[in-house]
Amino acid sequence: MSISRRTARSVRILGVASATAALALGAAGNALACNISEFSAEAKCDGTKGIISVTDVDASGTKATVSVFLESNGADAKKVGEQDVAGSRQGVTITFAEDWKPNATYRVHVKAGNQVDKDIPTNVTAPSTACATESPSPSTSQTPKPSETPSSPASSGTPSANPSESESSAAPATPGDNAPSPAAGTSNLAETGANSNTPMIAGIAGALVVVGGGAVFLGMRRRGASKSS
């Protein structure tokens, strides 16, 4: 039995629609799949510190592991670090602290499940100028405070109540048994001149002065009388 034209036409339309749907689903799947082209990296400065930043714009949000390596003569010199990232349509950025040297080269590798396991096609090259260092702020010199001289305590005019050992009178030495004892009352009287011969000598000297004056007077009188005769 032959197929009618109407049936054939319906089958043809259904096939075209199925193929279109398959192509659409395939395109959507590819659009949501993680791709190495959705990753980019850059060496830059964060203030005075160098960093390597990696940005993931994978709209599917597939978790990916990013590894950064310092290159030297086409080989890995050291591994800078490794971090996980889940991208977004707006982009998610992760950073690796790295005190990079000018013109240094870095390789960035991305592993995202079974979809991506590649390096970012172009290696990262650091700028030719290092990050600027902070200039030290001039230290403010502090003027030292003058040392406070403690005021001396006010001198008191009142003598000390307790005499010092040097001012205290020493006890008189006890004379030995064989030493002659001084005559009683002679030492103090000798110092003041009492009980001495001074008054007697003064009296004799006064008498001699009187006698001498009388002799001179008489001699002058006799001499005048002899001249008048």
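The residues of the chain are indexed from 1 along the displayed sequence.
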Any side-chain heavy-atom pair from [X] and [Y] closer than 4.5 angstrom?
X      : Y      : value
Val57  : Glu38  : yes
Ile94  : Val66  : yes
Val80  : Trp100 : no
Thr133 : Thr48  : no

Give the minimum heavy-atom separation between [X] and [Y], together with the two atoms involved.
X      : Y      : value
Ser60  : Cys34  : OG-N, 4.2 Å
Lys101 : Ala126 : O-CB, 3.5 Å
Glu42  : Val124 : C-CG1, 3.8 Å
Ser72  : Ala77  : CB-CB, 3.8 Å
Ala41  : Val54  : CB-CG2, 4.0 Å
Gly61  : Ala86  : O-CB, 3.7 Å

Checking Thr55 against Thr93: is there a side-chain donor and acceptor pair closer than 3.5 Å?
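The answer is yes; a qualifying pair exists.
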Who passes salt bridge (Lys or Arg N to Asp or Glu O under 4.0 Å) against [X], sequence neighbours left out?
X      : result
Lys78  : Glu98
Lys49  : none
Asp117 : none

[atom1]-[atom2] distance between [X] and [Y], expressed to the nearest 0.5 angstrom:
X      : Y      : atom1 : atom2 : value
Asp99  : Cys131 : CG    : SG    : 7.5 Å
Ile51  : Thr95  : CD1   : OG1   : 5.0 Å
Ile52  : Gln83  : CD1   : CD    : 12.0 Å
Asp58  : Ser88  : CG    : OG    : 9.0 Å
Asp119 : Phe69  : CG    : CZ    : 8.0 Å

Determine, using the 4.5 Å side-chain heavy-atom cutoff (strictly less than), whether Ile36 and Val68 are members of one ILVMFWY cluster.
yes
Test side chain to side chain donor-acceptor pair (under 3.5 Å) applied to [X] - qualifying residues, sequence neighbours left out:
X     : result
Ser37 : Asn35
Asp76 : Arg107
Thr65 : Asp84

Can Val110 and Lys118 be said to form a side chain to side chain contact (heavy atoms under 4.5 Å, CB included), step by step?
CA-CA 6 Å; Val110 178; Lys118 297 180 179 179; over 6 Å; no
CA sep, side-chain torsions, deciding dist, call: Val108, Phe39, side chain to side chain contact (heavy atoms under 4.5 Å, CB included):
CA-CA 9 Å; Val108 181; Phe39 293 84; over 6 Å; no
